[in-house]
Protein chains: 2
Amino acid sequence: MVTMEKFNAHTNQTESHQTLTDKLRGVGLRATRQRLDIGSLLFSGKDRHVTAESLHDEATAAGMKISLATIYNALNQFTDAGLLREVLVDPSRTYFDTNTSSHHHFFNIDNGHLTDIPHDEINVSCLPTLPEGQIIDGVDVLIKIKPKS
Amino acid sequence: MVTMEKFNAHTNQTESHQTLTDKLRGVGLRATRQRLDIGSLLFSGKDRHVTAESLHDEATAAGMKISLATIYNALNQFTDAGLLREVLVDPSRTYFDTNTSSHHHFFNIDNGHLTDIPHDEINVSCLPTLPEGQIIDGVDVLIKIKPKS
DNA sequence: TTTTTTATTTAGAACTATTCTAAACTATTG
DNA sequence: CAATAGTTTAGAATAGTTCTAAATAAAAAA
């Protein structure tokens, strides 16, 4: 069997070093050694979830020399460029809600304001099968909003 | 018009100092001056969203002497007891996802693992009317799971 | 009651994730 | 190549939160 490059279902193109360079240039970022290294870890076919630290550890283990600050920079730049997406987990500035009934929230990313979405105005038809032996602890829906243009 | 105590739709009882004491005792917490003060700010009828800091500022402005550490303690204890609910916003340990398509997540609160929920396995019928002049920036659904008992 | 036990509060230190700073470095442009 | 504009980096700074251990207050026992 011949060695093949991996096919990426999201970008619809093979992920070689060259296309990674193109990908970075395409979003206005210079194809530096560090970004190529980071990109090679992130965009090699399968979908991944990483934190800055986990990625830094991984890069270090792979013998790549990249500072933690650069990892943070790159992750934020990739996210701004739409190459990554942030996942809301494990909040730092924690908001507490006196309404403990099942309901969800609008979060105004412009001014940080949080407002309730009445329980009956949103409907999560939650069919997904849970991983074996697991049960639901809670469901959070956050709709991030911002001022029109 | 006679002064009336506020009626709380959630607890189905009037919110006097006495019922606040009961409320705290009911969840196994001593009715200390600080917790009563904090409770009087939180549970006086209307639903609220607060952070530890905002509540501390508010308490201080109201002439209450409560340390920030105590505010944190109380908010966490109230939350553990089900009197408050945490809202996921403004993450600190940020997770980045290489899958930028619209999809959501399972978060295993036991071991911190994050897994994708395929796009077609969850459905948010999102009817709510947005506040005037606002548009949607993104929707996050996080289903927190844990091991069966 | 008074005493004893146990929970709570607190200031300040510690911690953790993240961003900032400013100097050294590197890619790109002319 | 030289100039310029973007990038990397170590380390300092910041912010939200938790921890520590001593002082205090509430509840239970006597």
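Letters A, B, ... mirror the listed sequences (proteins, then strands); counts begin at 1. It should be emphasised that the depicted structure is a prediction, and the values quoted were computed from it without experimental measurement.
Note that the OG1 atom of B:T70 and the CE atom of B:M64 stand 13.5 Å from one another [nearest 0.5 Å].
Counting only distance, with no hydrogens or angles, the side chain of B:H56 and the backbone of B:I66 share a donor-acceptor pair below 3.5 Å. Side chain of A:T32 to main chain of A:R35: a donor-acceptor pair is present (N/O by atom type, distance under 3.5 Å, no hydrogens or angles).
Between A:R30 and D:dT8 there is no side-chain N or O to OP1 or OP2 distance below 4.0 Å. Proximity of B:T32 to the phosphate of C:dT9: a side-chain N or O atom is located under 4.0 Å from OP1 or OP2. Here B:R25 reaches the OP1 or OP2 of D:dA27: one of its side-chain N or O atoms lies under 4.0 Å away.
Atom CZ in B:R35 sits about 9 Å away from atom C1' in C:dT9, given to the nearest Å. If you take CG of A:L24 and P of D:dG6, they are 16 Å apart, rounded to a whole angstrom. One atom, CD1 of A:I38, and another, C1' of D:dT9, lie 13 Å apart when rounded to the nearest Å. Distance CG (A:D57) to C1' (C:dA17): 14 Å, rounded to an integer number of Å. The distance between atom NZ of B:K65 and atom C1' of D:dT24, rounded to the nearest whole Å, is 16 Å. Rounded to whole angstrom, the span from the CD1 atom of A:I71 across to the C1' atom of D:dT8 amounts to 12 Å. The nearest whole Å value for the distance from the CD atom in B:Q77 to the C1' atom in C:dA7 is 10 Å. For the pair A:H56 NE2 and C:dT18 C1', the interatomic distance rounds to 14 Å; values are reported in whole Å.
Applying the salt bridge (Lys or Arg N to Asp or Glu O under 4.0 Å) definition to pairs two or more places apart or across chains, none involves residues 64-78 of chain A.
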Give every pair of a protein N or O atom and an N or O atom of nucleotides 28-30 of chain D that lie under 3.5 Å apart, one pair per line with the distance.
none

Short heteroatom pairs, N/O only, protein and nucleotides 18-21 of chain D, under 3.5 Å:
unit_1	atom_1	unit_2	atom_2	d
D:dT18	OP2	B:N76	OD1	3.2

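With sequence neighbours left out, the side-chain hydrogen bond (donor to acceptor under 3.5 Å, both in side chains) criterion links A:N73 to no other residue. Qualifying side-chain hydrogen bond (donor to acceptor under 3.5 Å, both in side chains) partners for A:Q34, counting only residues two or more places apart in sequence or in other chains: none. Legend: residues meeting side-chain hydrogen bond (donor to acceptor under 3.5 Å, both in side chains) with B:R30, ordered by chain and number and at least two apart, are absent.
Within the 4.5 Å cutoff, the side chain of A:V27 has no heavy atoms near those of the A:F78 side chain.
Closest contact between the side chain of B:L29 and the listed nucleotides C:dT8, D:dT9, D:dG6 involves C:dT8. Counting only heavy atoms from C-beta on, A:S67 has its side chain closest to D:dT9 among C:dT10, D:dT7, D:dT9. Proximity note for A:Q34 (side chain, C-beta onward) versus C:dT28, D:dT8, C:dT9: the nearest is D:dT8. Of the listed nucleotides (C:dA27, C:dT9, C:dT6), C:dT9 has the atom at the smallest distance from the side chain of B:T70.
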Is there a side chain to side chain contact (heavy atoms under 4.5 Å, CB included) between B:L84 and B:N76 once you walk through the steps? CA-CA 9 Å; B:L84 294 175; B:N76 287 138; over 6 Å; no
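In plain terms, the two heavy atoms of B:A52 and B:L75 that are nearest each other are CA-CD1, 3.6 Å.
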